[in-house]
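Everything numeric in this text was worked out from a predicted model, so none of it was measured. Protein chains get the first letters and strands the later ones, always in sequence-line order, with residue 1 at the start of each.
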Amino acid sequence: MLQQTTVVAVVPYFERFLARFPNVKELAQAEESEVLKLWEGLGYYSRARNIYKAARIVVAQFDGVFPSTVTELQQLPGIGRYTAGAIVSFAFDERAPIVEANTLRLYARLLGYDGDPRSTEGQRLLWEFAEVVLPQSQPGRFNQALMELGASVCSPKSPQCETCPVSGFCRAFRDQTQSTIPRLAKRAEITAVIEASVAVRKKDAYLLRRRNAGERWAGLWDFVRFELTPAESITQIIDAVRDQTGLKIDLGPQIAELKHAVTRYRITLKCFTAETVSGTLHKHEEWEWVPAHRFGEFPLSVTGRKFAKLLAADNG
DNA sequence: AATGCGGGGCT
DNA sequence: AGCCCAGCATT
């Protein structure tokens, strides 16, 4: 959960997740959709699919006993060099180096490394350093301590060098380059996208689609949804709904405009209702009529959830 | 080496 | 409006 996600955001998800899946066997016995439901809103949903796959592998191939070496752990889906090192050093207190956001910043500053720490060269350097500084005794405690130092003292902006216990070893402090190190590559440009979502209703049920593997929010459910071209008109939205679902609709009023940032897109989502519905649904398995009271069983995309909330408010 | 993947918190 | 976050997998 913590991969590229702040502790603050993770905590409530972590609590709920462990309450429901206290051990690897319980997780392995669940349905993937239930795992995704608990992950709903946290983002990077491949992590949920991966931890579920990994649990099943641990149970099926390791007899339910978690592997304890970096090499074995890295074979599991979703476990890379950092996570494997974290598990080995934290859980088993074996000597395995780690480099993540906090130690990356700390080590780059200690070394005074002026290049991009995420480049191949930077990674080689930092992992080498992490290996060299790692003590024989209590490596897990050491790794966690340095992560904490990176998070609390060696912060991205205005680090507290005056109170830092290792400022005497820090090249960035010596050279007063804390503000320019680490020099992370600029993020990709943001593209603005306009989409439309239509709540197609039959009696008390709405038409939802389980998003396919390989597309964004794979495995999560969503209302009918598609990208609009700038000149899109009402009739073109109606046509798009028919293309996707096979259903003929009369478009109701737009009830909301949701703004949502995802990866390198800033999405403006225009949310509509469908007044009348006729015709037959395309025989694609991913479509399902879901009564509103059963939404709790379906992991929804964030925008899908917001839309559903609006619809509930709309219906009184 | 570059890109896709999410969402929220903080400045 | 940017920047950043206990990264990983794929191309």
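Residue Tyr45(A) has a polar side-chain atom (N or O) positioned under 4.0 Å from OP1 or OP2 of dG7(B). A sub-4.0 Å separation between OP1 or OP2 of dG6(B) and a side-chain N or O of Trp39(A) is absent. In this structure, His260(A) does not reach the dG6(B) phosphate: none of its side-chain N or O atoms is under 4.0 Å from OP1 or OP2. For Arg105(A) and dC5(C), the shortest distance from a side-chain N or O to OP1 or OP2 is below 4.0 Å.
Looking at which nucleotide of DNA chain B each of Val262(A) and Val8(A) is closest to, the 5′-most match is held by Val262(A). The nearest heavy atom of DNA chain B to Leu220(A) and to Ala188(A) marks one nucleotide each, and the one closer to the 5' end goes with Ala188(A).
Near-neighbour residues of DNA chain B inside residues 207-214 of chain A, defined by a heavy atom below 4.0 Å, are absent. DNA chain C lies under 4.0 Å from at least one heavy atom of each of the following residues of residues 69-82 of chain A: Leu76(A), Pro77(A), Gly78(A), Ile79(A), Gly80(A), Arg81(A), Tyr82(A).
Residues forming a salt bridge (charged side-chain N to carboxylate O under 4.0 Å, His left out) with Glu275(A) (at least two apart in sequence, or on another chain): none.
Taking a 6.0 Å sphere around CG of Asp63(A), one finds it holds 12 or fewer heavy atoms contributed by other residues, nucleotides or ligands. Annotation for Phe14(A): atom CZ does not count as buried by contact number, only 12 or fewer foreign heavy atoms lying within 6.0 Å. Atom CZ of Arg95(A) is surrounded by more than 12 heavy atoms from other residues, nucleotides or ligands within 6.0 Å.
Within the 4.0 angstrom heavy-atom criterion, no nucleotide atom of any strand lies near Ala9(A). Heavy atoms of Gln4(A) sit under 4.0 angstrom from at least one base atom. Among the protein residues, Phe90(A) comes within range of the nucleic acid bases, having at least one heavy atom under 4.0 Å from a base atom. Using a 4.0 Å heavy-atom criterion, one finds that Thr263(A) contacts the bases of the nucleic acid, with or without backbone contacts as well.
A donor-acceptor contact under 3.5 Å is formed by the side chain of Thr5(A) with the base of dG6(B).
The Arg187(A) side chain lies nearest to dG7(B) when the options are dG7(C), dG4(B), dG7(B). Minimum atom distance to the side chain of Asn50(A) is reached by dA9(C), of the listed dC4(C), dA9(C), dG7(C). In the set dC3(C), dA9(C), dG7(C), dG7(C) carries the atom at the smallest distance from any side-chain atom of Thr83(A). In this structure, the nucleotide among dC3(C), dA9(C), dG6(B) sitting nearest to the side chain of Lys157(A) is dC3(C).
Classification of the Tyr206(A)-Phe295(A) ring pair by plane angle, with boundaries at 30° and 60°, yields tilted.
A donor-acceptor pair shorter than 3.5 Å can be found between the side chains of Arg225(A) and Thr303(A). Checking Thr235(A) against Ser233(A) by side-chain atom types alone, a donor-acceptor pair falls below 3.5 Å.
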Kindly determine whether Gln74(A) and Arg81(A) satisfy side-chain contact (heavy atoms from CB on, under 4.5 Å), including the steps that lead there.
CA-CA 7 Å; Gln74(A) 270 198 266; Arg81(A) 195 172 179 183; 4.1 Å; yes
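As rounded to whole Å, 14 Å separates atom C1' of dC8(C) from atom CG of Leu2(A). Residue Leu42(A) contributes atom CG, which lies 13 Å from atom C1' of dG7(C) at whole-angstrom precision.
In this structure, the ring of Phe62(A) has its center no less than 6.0 angstrom from the ring center of Phe66(A).
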